[in-house]
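Reading through the structure tokens given below for one structure.
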Amino acid sequence: MTQPLAGKQILIVEDEPVFRSLLDSYLSSLGAVTSLARDGIDALEKMLGVSPDLLICDLAMPRMNGLKLVEHIRNEGNQLPILVISATENMSDIAKALRLGVQDVLLKPIKDLNRLRETVFACLYPTMFNSRVEEEERLFQDWDALVSDPQAAAKLLQELQPPVQQVMSHCRVNYRQLVAADEPGLVLDIAPLSENDLAFYCLDVTRAGDNGVLAALLLRALFNGLLQEQLSHQRQRLPELGNLLKQVNQLLRQANLTGQFPLIVGYYHSALKNLILVSAGLNATLNTGEHQIQVSNGVPLGTLGNTYLNQISQSCDAWQCQVWGAGGRLRLMLSAE
């Protein structure tokens, strides 16, 4: 029997013993060297002695669940391929897992082991399979349902808004919506990329009808992966956000989302104290204490085949950014700890 996974180390994190044993037996039969863990804490202990090529984990587990485990691994700067296998029907959990940069999500029960095999291969050998866009679109399993139900899409987007105050990547971050609205307006997403860097964006969803909400959900699922890709090509680990927004513009077109998508994107490195901001269609003012800078708003994504935008870079321990557009006004504040 051929063993296509010979030499590959796979860590299986699953609290259900029967399914854990099934995964262990099947992947071992393909030649993989497997390690088993019952939950996220057990998995982190195993990873002290093993450097797996792939991690497979459930979401619902005792002590430390799958989302906390993935978040911990990504905050450490570890880009280990991760496959989530879960019985969840909560789209917000799936969206959060994708946002944290997992390679794929499979839903239990798994009735087709060939599908599992293909998915494991795609995680381990991504260049041999579909293009990134095709793969990510397949990952967003409920996309068609969201397209046909704008109210459900808007509700999901609201559920995914970040807490108004949090600490991440050695930074204290909080924000305030200065104009309250019943309908989605300015949508914010902010997330850690590693122990020292974080990224955020603010999208005005009001200028593209239902497509604005869908664009926000698509961006939430893909943004971190796109930015990590940009960072991997930058020796100084400071991304070219202009190139990132060109990719986002292409993705919106490939997803057949028409309309105007005013967007501002930022990146902050807490060790280097460096902030990068770029706007494609949103007004913004940056205040660093020493300087107040008007950010050129540029042209919204979706307007042209190409993007036109300006990128600014500032060194600062703390800053405030006010963002405004047709969807309202928002103030984002950050201080490095």
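Being a predicted model, the structure only gives us computed values, none of them experimental.
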Looking at residues at least two apart in the chain, or sitting in another chain, which of them share a salt bridge (Lys or Arg N to Asp or Glu O under 4.0 Å) with [X]?
{"X": "D58", "result": "K108"}
{"X": "R176", "result": "none"}
{"X": "E337", "result": "R172"}
{"X": "D42", "result": "R38, K46"}

Which pair of non-hydrogen atoms, one from [X] and one from [Y], has the smallest distance, and what is that distance?
{"X": "C123", "Y": "L83", "answer": "SG-CB, 4.1 Å"}
{"X": "S279", "Y": "N297", "answer": "OG-O, 3.3 Å"}
{"X": "L124", "Y": "L54", "answer": "CD2-CB, 3.8 Å"}
{"X": "P300", "Y": "Q260", "answer": "CB-CB, 4.1 Å"}

What distance do [X] atom [atom1] and [Y] atom [atom2] have between them, rounded to the nearest 0.5 Å?
{"X": "C57", "Y": "I73", "atom1": "SG", "atom2": "CD1", "result": "7.0 Å"}
{"X": "Q103", "Y": "I56", "atom1": "CD", "atom2": "CD1", "result": "11.5 Å"}
{"X": "H291", "Y": "S315", "atom1": "NE2", "atom2": "OG", "result": "9.5 Å"}

Set of residues satisfying side-chain contact (heavy atoms from CB on, under 4.5 Å) with respect to [X], sequence neighbours excluded:
{"X": "V50", "result": "Q9, S35, P52"}
{"X": "N211", "result": "A208, L214, L257, T258, F261"}
{"X": "Q79", "result": "R74, Q228"}
{"X": "T285", "result": "Q292, Q294, W324"}

**Asked** With side chains defined as the heavy atoms from C-beta onward, is the minimum distance between V173 and M168 less than 4.5 Å?
**Response** yes
Is the side chain of [X] donor-acceptor paired with the backbone N or O of [Y] at a distance under 3.5 Å, no angle test?
{"X": "D204", "Y": "A326", "value": "yes"}
{"X": "Y268", "Y": "C171", "value": "no"}
{"X": "S270", "Y": "A336", "value": "no"}
{"X": "Y175", "Y": "P162", "value": "yes"}

**Asked** ring pair (Phe, Tyr, Trp, His ring centres under 6.0 Å): which pairs involve residues 7-60, sequence neighbours left out?
**Response** none
**Prompt:** Does any pair with a residue in residues 199-220 pass ring pair (Phe, Tyr, Trp, His ring centres under 6.0 Å), and if so which ones, sequence neighbours excluded?
**Reply:** F200-W319, Y201-F223
**Asked** What residues form a side chain to side chain donor-acceptor pair (under 3.5 Å) with E45, not counting sequence neighbours?
**Response** none
**Prompt:** Could you give all pairs that pass the salt bridge (Lys or Arg N to Asp or Glu O under 4.0 Å) test and reach residues 208-223, with sequence neighbours left out?
**Reply:** D189-R220
**Asked** When you check the side-chain N and O atoms of Y267 and D197, is any donor under 3.5 Å from an acceptor?
**Response** yes
